[in-house]
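Residue indices begin at 1 and follow the sequence shown.
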Amino acid sequence: MTGQVYVEDVEPGYAIPVLTVIVTETQMFFFSAATYNGHRIHYDKDWARDVEGYNTVLVQGPLQAALLSRALTDWIGGAGRLVSFSVQNRAIAYPGEELRFGGVVTGKRDALVDLDIFCRRGDDVLMPGSATVALPHRSAP
């Protein structure tokens, strides 16, 4: 989203812009390195298949959460603030899949906006959660 979103711009039911990402194995490798996550299930296909029983490597849950928080912070703009963020990793994502990150406004309290948030693959919700953001008022200096 370009520009600043204001609390007056949203009401319950408002869907934030969806961030669509196809996570690559290279991105996963660098994310593992940056987060000191040495679990081989995220970068070693043979290990993931032969030891863990998956078809290939798995996208890290924290990477999905980071992309979901990015969808929120991209939407709220520079004058917005992410106040709270909570997710549950409920399903597996594989590299090369189209993942969609977004949310829907569920309520407003002055400058605070509550949302149900998600990471989806198709119609499947892989990571549900909730968030609260603070948005500026249009009348604020």
Side-chain angles (χ1 to χ4, degrees), residues 1-49 51-141:
M1 179 170 202
T2 59
Q4 180 62 55
V5 64
Y6 295 91
V7 70
E8 292 87 359
D9 297 335
V10 300
E11 295 296 332
Y14 175 93
I16 72 168
V18 171
L19 172 66
T20 302
V21 176
I22 297 174
V23 176
T24 68
E25 290 181 37
T26 301
Q27 183 180 17
M28 291 168 48
F29 176 82
F30 283 118
F31 189 82
S32 284
T35 58
Y36 298 99
N37 181 348
H39 196 312
R40 292 168 67 174
I41 202 165
H42 301 301
Y43 64 87
D44 185 333
K45 289 181 185 178
D46 292 334
W47 177 274
R49 184 181 50 254
V51 177
E52 301 285 347
Y54 295 101
N55 293 332
T56 190
V57 292
L58 309 182
V59 175
Q60 301 94 328
L63 176 54
Q64 293 174 62
L67 290 166
L68 184 48
S69 68
R70 176 182 157 199
L72 290 168
T73 57
D74 284 355
W75 171 64
I76 64 177
R81 183 171 49 92
L82 182 57
V83 175
S84 69
F85 178 87
S86 176
V87 294
Q88 296 177 354
N89 191 9
R90 292 192 181 167
I92 295 167
Y94 297 103
E97 296 179 327
E98 182 177 277
L99 303 178
R100 295 178 298 124
F101 303 88
V104 176
V105 172
T106 58
K108 287 181 8 177
R109 300 168 278 133
D110 190 30
L112 297 178
V113 176
D114 299 316
L115 301 103
D116 284 341
I117 57 177
F118 60 82
C119 166
R120 286 190 179 137
R121 176 187 54 230
D123 291 332
D124 296 330
V125 177
L126 308 180
M127 181 174 280
S130 61
T132 300
V133 299
L135 296 176
H137 287 280
R138 285 197 182 277
S139 59

Kindly indicate whether the side chain of Val21, heavy atoms from C-beta on, has any atom under 4.5 Å from the side chain of Val23.
-> yes

Please say whether more than 12 non-hydrogen atoms of neighbouring residues, nucleotides or ligands are located less than 6.0 Å from NZ in Lys108.
-> yes

Measure from the side-chain N and O atoms of Arg40 to the backbone N and O of Ala48, and report whether any donor-acceptor pair falls under 3.5 Å.
-> no

Are any side-chain N or O atoms of Thr106 and backbone N or O atoms of Asp114, one a donor and one an acceptor, separated by less than 3.5 Å?
-> yes

For residues Val57 and Tyr94, determine if any side-chain heavy atom of one lies less than 4.5 Å from a side-chain heavy atom of the other.
-> no

What's the verdict on side chain to side chain contact (heavy atoms under 4.5 Å, CB included) for Gln64 and Val59, showing C-alpha distance, side-chain angles and the deciding distance?
-> CA-CA 7 Å; Gln64 293 174 62; Val59 175; 3.9 Å; yes

Do any N or O atoms from the side chain of Arg138 and from the backbone of Asp9 form a donor-acceptor pair under 3.5 angstrom?
-> no

Quick one: does Val10's side chain get under 4.5 Å of Trp75's, heavy atoms only?
-> yes

Minimum-distance pair of heavy atoms, taken over all atoms of Pro95 and Thr24 = CB-C, 4.3 Å

Nearest-0.5 Å distance, CG of residue Leu58 to CD of residue Glu52 | 8.0 Å

Is it the case that more than 12 heavy atoms not belonging to Arg49 sit under 6.0 Å from its CZ atom?
-> yes

Expected output: side-chain Gln4 to main-chain Ala79 donor-acceptor under 3.5 Å = yes

Considering all heavy atoms of both residues, which atom of Leu126 and which atom of Arg121 are nearest to each other, and what is their separation?
-> CD2-NH2, 3.5 Å

At what distance, to the nearest 0.5 angstrom, does OG1 of Thr20 lie from CZ of Arg100?
-> 7.0 Å

Donor-acceptor pair, side chain of His39 and main chain of Ile41, under 3.5 angstrom = yes

Do the non-hydrogen side-chain atoms of Cys119 and Leu67 ever get within less than 4.5 Å of each other?
-> no

Side-chain contact test, heavy atoms from C-beta onward, threshold under 4.5 Å: evaluate it for Tyr43 versus Gln60 and give yes or no.
-> no

Identify the two heavy atoms, one from Ala66 and one from Phe31, that lie closest to each other, and give their separation to 0.1 Å.
-> CB-CE1, 4.5 Å

Between Gln27 and Ile22 the two heavy atoms that sit nearest each other are OE1-O, 4.3 Å

Which heavy atom in Leu82 sits nearest to a heavy atom in Ser69, and how many Å separate them?
-> CD2-CB, 4.4 Å

Distance col, row Met127:CE vs Leu68:CG, nearest 0.5 angstrom, shows 7.5 Å

With a 4.5 Å limit on heavy-atom distance, are the side chains of Phe85 and Ile117 in contact?
-> yes

Euclidean distance, Ile92 CD1 relative to Thr56 OG1, rounded to 0.5 Å = 11.5 Å

Does any N or O in the side chain of Asp44 come within less than 3.5 Å of the main-chain N or O of Asp46, such that one atom is a donor and the other an acceptor?
-> yes

For the student: nearest non-hydrogen atoms of Glu8 and Pro136, plus distance = OE1-O, 4.1 Å

Value rounded to 0.5 Å, distance of OG1 in Thr132 from CG in Leu72 = 10.0 Å

